[in-house]
Amino acid sequence: MSKQNQNMPEMTQEQQDKIDAIIAKNAPDGLKKPEEEKKSISKVKKVIGVVSGKGGVGKSLVTSMLAVMCQKAGLKTAIMDADITGPSIPMMFGVHEKAIGIGENICPVATKTGIKLMSMNLLLEQENQPVIWRGPVIGGAVKQFWTDVIWGDVDVMLVDMPPGTGDVPLTVFQTLPVNGIVVVSSPQELVEMIVSKAVNMADLMKIPVLGMVENMSYFQCPDCGKKHEIFGKSRAEEVAAKYNIPAVSKLPMDPSIPAKGDAGLAEELDTDGLKEIFDAIINA
């Protein structure tokens, strides 16, 4: 990770303009091709993007749960936290130590079960330090997470992307050899619009949509076992069928899920609800 990106939680206008100019001048010819550079320091077999059309739907939770499933299945698993300005993956796993550099490269930090993580929060001096960067600089950081991190041998890398279809998803789709994406949504009237944006962007980039996760789909009464659709009737299957999304999983509203995430216990979460998505990833 370059010193510019690592030590700049806050930049003046002049500094931002200089960095923007450097990136504009050097891209694309001035940048090393990621597939060439990664041959020497990493071997990532499969890259899966986890996306959403809007924030607050539990995308980082789904990313963490899928990573736990892959690791439990014996796969060497990694998570790239591409949400540069709002990173949350280290907190989900209770990881607070900082990543260390080796020469011009940087080592990811491993969780208790061995999942490799790279996140902006692993580089900042303080976890609550804001990252006030422009789009091109954020995109450059994501590229460096791919090219400069010593990932080693990885069977499945999950990329937790910020919501929407802006700079970072575009950078990931153009820079990383993405095998497919998983779309995360919630059971609301806007679900089709939210999903359609993510699906249409993937189609434009010729990346397959592997599955859809409807988070907070229902609440199951702990006394009688009856399921209540708090946010309205699920449209997951309907929307998935319309956009030819092959796999659908639904996660319940369960207070224990965010509680474990806040406590850094993602590796203790019950992941059975994502079996369809996990199978789709394995077969991608």
Side-chain angles (χ1 to χ4, degrees), residues 1-38 41-42 44 47-51 55 59-60 63 78-92 95-109 116-151 154 157-178 205:
M1 178 67 64
S2 68
K3 291 183 178 180
Q4 275 184 320
N5 280 342
Q6 185 173 349
N7 299 317
M8 291 177 55
E10 210 168 353
M11 292 185 289
T12 65
Q13 184 69 42
E14 182 180 358
Q15 288 173 321
Q16 288 180 330
D17 290 340
K18 286 182 179 179
I19 292 176
D20 287 355
I22 291 171
I23 292 176
K25 181 180 178 181
N26 292 335
D29 294 335
L31 293 173
K32 294 181 180 180
K33 294 182 180 179
E35 59 271 19
E36 292 179 357
E37 185 158 342
K38 287 195 69 57
I41 59 176
S42 303
V44 181
V47 178
I48 306 295
V50 183
V51 307
K59 178 177 44 57
S60 296
T63 301
I79 300 178
M80 179 194 293
D81 189 352
D83 196 346
I84 302 298
T85 59
S88 59
I89 291 297
M91 178 181 173
M92 296 282 296
V95 172
H96 302 286
E97 62 183 285
K98 302 305 176 185
I100 60 173
I102 299 179
E104 295 183 354
N105 300 115
I106 195 163
C107 293
V109 178
K116 297 177 182 178
L117 308 181
M118 179 47 59
S119 170
M120 185 56 68
N121 260 15
L122 301 178
L123 302 175
L124 298 173
E125 291 183 7
Q126 301 293 330
E127 292 182 350
N128 60 356
Q129 201 169 349
V131 178
I132 307 174
W133 290 351
R134 289 182 177 178
V137 182
I138 293 174
V142 173
K143 288 180 181 179
Q144 287 180 286
F145 278 2
W146 174 251
T147 59
D148 294 359
V149 173
I150 305 174
W151 292 105
V154 173
M157 174 184 285
L158 293 151
V159 183
D160 183 27
M161 289 195 266
T165 55
D167 287 335
V168 170
L170 182 61
T171 296
V172 170
F173 289 163
Q174 290 181 329
T175 306
L176 279 62
V178 181
M205 305 303 295

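Values below: all heavy atoms of this structure, side chains included; hydrogens, waters and symmetry mates excluded. Positions are given from 1 along the sequence.
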Of the non-hydrogen atoms in V168 and P162, which two are nearest, and what is the gap between them? CG1-CD, 3.4 Å
Check whether any side-chain heavy atom of D81 sits under 4.5 Å from a side-chain heavy atom of M120, and report yes or no. no
Can a donor-acceptor pair be found, under 3.5 Å and without considering hydrogens, that links the side chain of N105 to the backbone of D148? yes
Is the shortest heavy-atom distance from the side chain of W146 to the side chain of P177 under 4.5 Å? yes
Walk me through whether M80 and L176 qualify under side chain to side chain contact (heavy atoms under 4.5 Å, CB included). CA-CA 11 Å; M80 179 194 293; L176 279 62; 3.9 Å; yes
Any donor-acceptor N/O pair, S119 side chain to N121 backbone, under 3.5 Å: yes
Could you pull out all residues at least two apart from D83 that satisfy side-chain hydrogen bond (donor to acceptor under 3.5 Å, both in side chains)? none
Judged by atom type as modelled, is there a donor-acceptor pair below 3.5 Å linking the side chain of K143 to the main-chain atoms of T175? no
Contact between C107 and I102 at the side-chain level, heavy atoms closer than 4.5 Å - yes or no? yes
Minimum heavy-atom distance between W151 and I79, given as atom pair plus value: CH2-O, 3.7 Å
Taking atom CD1 of I48 and atom OG1 of T63, what is their separation to the nearest 0.5 Å? 11.0 Å
State, yes or no, whether a side-chain contact exists between L123 and I106 at a heavy-atom distance under 4.5 Å. yes
Is the shortest side-chain heavy-atom distance between F145 and V159 below 4.5 Å? no
Specify the closest pair of heavy atoms between P108 and V149, including all atoms of both residues, with the distance to one decimal. CD-CG1, 3.8 Å
Any side-chain heavy-atom pair of I89 and S60 under 4.5 Å: yes
Nearest-0.5 Å distance that lies between atom CE in M157 and atom CE in M118: 10.0 Å
Nearest heavy atoms of P90 and L117, plus distance in Å: CA-CD1, 4.2 Å
Is it the case that the side chain of K59 and the backbone of M161 share a donor-acceptor pair, with hydrogens and angles ignored and the cut-off at 3.5 Å? yes
Could you check if a side-chain atom of L170 sits within less than 4.5 angstrom of a side-chain atom of M205, using non-hydrogen atoms only? yes
Of all the heavy-atom pairs spanning I150 and S42, show the shortest one and how long it is. C-OG, 3.8 Å
